[in-house]
There are 2 protein chains.
Amino acid sequence: MNASRTARERVRAELTREITDIARRHLAVDGAAGLSLRAVAREMGMVSSAIYRYFPSRDDLLTALIIDGYNALGEAVEKADATVPRDDFTGRWLAVCRAVREWAVARPHEYALLYGSPVPGYRAPEDTIAPGARGVAVFGRIVAEAVAAERLAPPAVLPEPPPAIAPDAEVVRTLIPGASDDVISRAVTAWTGLFGMVSFEVFGQFTNTIDHRAEFFEHAMTCLARVLGLPA
Amino acid sequence: MNASRTARERVRAELTREITDIARRHLAVDGAAGLSLRAVAREMGMVSSAIYRYFPSRDDLLTALIIDGYNALGEAVEKADATVPRDDFTGRWLAVCRAVREWAVARPHEYALLYGSPVPGYRAPEDTIAPGARGVAVFGRIVAEAVAAERLAPPAVLPEPPPAIAPDAEVVRTLIPGASDDVISRAVTAWTGLFGMVSFEVFGQFTNTIDHRAEFFEHAMTCLARVLGLPA
DNA sequence: GTGTCGTCAAGAGCAGTGCTCTCGATTGCC
DNA sequence: GGCAATCGAGAGCACTGCTCTTGACGACAC
C-alpha cells in the first residue's frame, strides 16, 4: 500500500527535520560560519556522507535554515499581531515591532542569517523570498486596514515621493491595497527603520552608546508609527 | 643606526599592508566566509605559515579589515560632507547618506563585514569601535551645528522620549552638544534609518520590491531629514 | 671583523572541513 | 521471491587554520 511507502518517506521527513533541528542549535551557538555538516552528522550518530542524502550541500542546509527562520519569525509576528484588538492599529504595529526585536535578540545568529550578510552565495535563492514576505504581509495588512478605516493621518511635514518610484509603489500596493504612494513610501521607510534598529542592536552598534535599548526601541517605534500616520 | 632598524620595520609594515590589500580584494570577491589565509599567502608567493608572522590568526586579519573598512567609510563620509556649504545642513546630511550608500553598494561584502553579522567572534573587539565612530561623528557635527545655528526645527508630531533614556542621551550628547533629548532621539533614529535602508538594499531585501533604489533612497533620506528637523 | 641574537620564510604535519565515489545492506513494489 | 530504488558506511580528495621545527639572513655589541 501507500502506507508502507509513506512510512519510508515519514522517516525521511523525520530525519530531515532532525538534521535541521540540530543544525539550528549549532547555528545558535557557533553562528553560520561555524556550522559544520560533519558535526551535525556526528551528533546524529551518522557518517558525514549520509547527510548528503538529505541536503545536497551545506549551502542548501543553510537555505533550509533561512526558510525555517523566516517562517518562525513570520509566525511570531502573526501571533503578536493577533493579540491586539483589530482596530488598535498603533498597538498592532508596536506588537509586531516587539515580536521582531525579541525574536532577534533571543537568537542573534539566526537573525544575522536572515538580515545580516547572506552567507550562501551572494544572493539568497528565490525560495527564501516568499517566506520572507510573511512578516511584511502582516505589516501591510495593518496599514491597509488603518487606511480603510480612515484612521491613517500622515502628518503633512514630508515631501511627496518622486514619480520615479510609482512603479515600485504599485508593486508594494499588493501588500497595502488602497494606500497612496506617499503612504507606501512612509510604510517602507518605517519597516526598514524597524529592522535598522533591531540590526544595530543585535550587531552591537549600540555598544557603549544606547544602554536602555528596550525603552529606546519602544520610543523609536512609536515615533515611526506617528510619522507613518498611525493614531497616537 | 635607527635607520637600519627602521628599514626592517618599514618592509614589515609594507608586507602587512600588502597582506591586507590582497585580503581585501579576496573579501570583495568571495566574502568574509571565503577569505583564506592560504590563498592570500599563495598570491604573495609566501608559504601560509609566514602570514602568521604578521597576523596571529585569521580573525585578527578580519579585524584589521574591519578597522580599515570603518576608516575608509569614515573618510568617504568626511569628504562628502566637506563638499557641501557649511550652512546647508540638509545638503550635508544627504551627501553623507549618498556616500554611505555608494560605498556600501560598491563593496557589499566589506559593508556586510561592518554592518552585517559580525563574523569574528560574537562581538567585534573594542578596537573596532573607535574607527566605527568616525562616520557618526560627522553626522553628529552636522546636527550640532544646525542646532547652534538655530536651523533645526523638529516638527512637533512626535512624543517626548521617556526619561529612562536620559543617561544614554547624555552619552550621545558628546557627539551632538547642545541637543535636547528629543533631538538626540530623532538623530539616532535617523542614523539607524540610514543604515537600515542601506542594509536592506545591499542584503537583497528590496529584491522584487523596490527597483528604483537610488530615487527611493533619496526620497527616504529627505524624509528622515525632515523628521529630524533639518530645513526643507 | 667576528660572534651573537632576534627576525623571518620554508616546510612538514595535525586536525578539521565540504564533498565525491563505491560498496554492501535494507527496504518497498511488482 | 526477485528487482530496483534508497540508504548508511567507509575511504579518499582537496582544502582549510594553525603549530612546530629548521635553517638562513640581517642587525647589533664587542
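In what follows, every chain begins at residue 1, and chains take the letters A, B, ... in the order their sequences are listed. Everything quoted here is computed from the prediction, not taken from an experiment.
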Q) Contact class for L35(A) vs. all strands (heavy atom < 4.0 Å): base, sugar-phosphate, or nothing? A) sugar-phosphate

By side chain to side chain contact (heavy atoms under 4.5 Å, CB included), D81(A) pairs with (sequence neighbours left out) R86(A), R92(A), V96(A), V138(A), I142(A)

Whole-Å distance, Y52(B) OH to dT16(D) P, equals 11 Å

Here the salt bridge (Lys or Arg N to Asp or Glu O under 4.0 Å) pairs for residues 42-55 of chain B, sequence neighbours left out, are R25(B)-E43(B)

Protein heavy-atom contacts under 4.0 Å, written 5' to 3' over nucleotides 4-15 of chain D as B (base), S (sugar-phosphate only) or - (none), form the string --SBBBB-B---

Rounded to whole Å, the CD1-P distance (I19(B) to dG17(D)) equals 13 Å

side-chain hydrogen bond (donor to acceptor under 3.5 Å, both in side chains) pairs touching residues 12-21 of chain B, sequence neighbours excluded, are D21(B)-R24(B)

To the nearest angstrom, the CG-C1' distance between L37(B) and dC18(D) comes to 9 Å

R10(B) atom CZ is separated from dA27(D) atom C1', nearest whole Å, by 15 Å

Margin query: Pairing donors with acceptors under 3.5 angstrom, does anything connect the side chains of D60(B) and S57(B)?
Written below: yes

H26(A) atom NE2 is separated from dG18(C) atom P, nearest whole Å, by 12 Å

Here the distance between atom P of dG18(C) and atom CG of L61(A), to the nearest Å, is 10 Å

With sequence neighbours left out, the residues meeting side chain to side chain contact (heavy atoms under 4.5 Å, CB included) with S49(A) are V47(A)

Salt bridge (Lys or Arg N to Asp or Glu O under 4.0 Å) pairs touching residues 186-203 of chain B, sequence neighbours excluded, are R101(B)-E201(B), D182(B)-R186(B)

R58(B) atom CZ is separated from dG16(C) atom P, nearest whole Å, by 18 Å

